[in-house]
Amino acid sequence: MDELLEILTDLHSDIDYENEDSLLDDGLLDEDDIDTIVSEVQENFDVTISPEDITPENFNSASALYALIESRQ
């Protein structure tokens, strides 16, 4: 989880990723951010994130994204 938080914090250091649970719903992340996150996650965790995986339920919080990563490993 620490590695994921580092990726996210490098993207937007002003967001409290440990407590935020509406990253997409509140517009805190945009399409470019999602592209960057997917690329970094795939490279750093050796997983594949498909376009179908890019949903608010998977990307609204760091914990949801981490659960997605774990399900792909």
Side-chain angles (χ1 to χ4, degrees):
M1 181 72 159
D2 289 338
E3 188 175 357
L4 174 60
L5 289 172
E6 185 176 323
I7 290 168
L8 295 172
T9 302
D10 285 348
L11 194 60
H12 290 289
S13 61
D14 57 326
I15 298 174
D16 180 6
Y17 290 102
E18 293 187 60
N19 295 307
E20 182 61 56
D21 62 1
S22 299
L23 294 169
L24 287 183
D25 289 342
D26 288 348
L28 298 173
L29 298 176
D30 64 22
E31 189 174 322
D32 290 335
D33 296 332
I34 298 300
D35 289 344
T36 300
I37 292 167
V38 168
S39 176
E40 291 287 326
V41 162
Q42 291 184 138
E43 182 178 321
N44 287 289
F45 291 94
D46 194 30
V47 296
T48 299
I49 306 293
S50 70
E52 294 80 25
D53 293 326
I54 302 172
T55 63
E57 54 212 20
N58 288 331
F59 279 80
N60 262 334
S61 70
S63 60
L65 181 53
Y66 194 70
L68 174 65
I69 293 166
E70 287 186 317
S71 76
R72 298 296 184 257
Q73 290 181 319

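If you're wondering where the values come from, they're calculated on a predicted model, not measured in any experiment.
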Checklist entry - Any donor and acceptor pair, going by atom type alone, linking the side chain of D26 with main-chain N or O of L28 inside 3.5 Å? => result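 No; judged by distance alone, with no hydrogens or angles, the pair does not exist.
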
Checklist entry - Can you check whether I54's main-chain N or O pairs, donor with acceptor, with N58's side chain at less than 3.5 Å? => result no

Checklist entry - Does S22 have any side-chain hydrogen bond (donor to acceptor under 3.5 Å, both in side chains) partners at least two apart in sequence or in another chain, and if so, which? => result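 Per chain and number, S22 pairs via side-chain hydrogen bond (donor to acceptor under 3.5 Å, both in side chains) with no residue.
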
Next on the checklist: So, using side-chain hydrogen bond (donor to acceptor under 3.5 Å, both in side chains) as the criterion, who are the partners of T36 when residues are at least two apart?
Outcome noted: none

State the [atom1]-[atom2] distance between [X] and [Y], to the nearest 0.5 angstrom.
X	Y	atom1	atom2	answer
Q73	L68	CD	CG	10.0 Å
F59	L23	CZ	CG	10.5 Å
S39	I49	OG	CD1	11.0 Å
N44	I37	CG	CD1	12.5 Å

Tell me which donor-acceptor pairs under 3.5 Å the side chains of residues 2-12 have, and how far apart each pair is, sequence neighbours excluded?
| from | atom 1 | to | atom 2 | distance (Å) |
| --- | --- | --- | --- | --- |
| T9 | OG1 | L5 | O | 2.7 |
| H12 | NE2 | D33 | OD1 | 3.2 |
| H12 | NE2 | D33 | OD2 | 2.9 |

Item to check | Minimum heavy-atom distance S61-E20, with the two atoms named | outcome: CB-O, 3.4 Å

Item to check | Heavy-atom pair of closest approach, residues L29 and L24 | outcome: O-CD2, 4.0 Å

Item to check | Residues which pass salt bridge (Lys or Arg N to Asp or Glu O under 4.0 Å) with D25, listed by chain and number, not counting sequence neighbours | outcome: none

Checklist entry - Counting heavy atoms not belonging to E70, are there more than 12 under 6.0 Å from its CD? => result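 Counting other residues, nucleotides and ligands, CD of E70 exceeds 12 neighbours.
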
Checklist entry - Does a sphere of radius 6.0 Å around CD in E31 hold more than 12 heavy atoms from other residues, nucleotides or ligands, not counting ones at 6.0 Å or beyond? => result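 No, not enclosed.
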
Checklist entry - Any salt bridge (charged side-chain N to carboxylate O under 4.0 Å, His left out) pairs touching residues 39-63, not counting sequence neighbours? => result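 Listed by first then second residue: D53-R72.
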
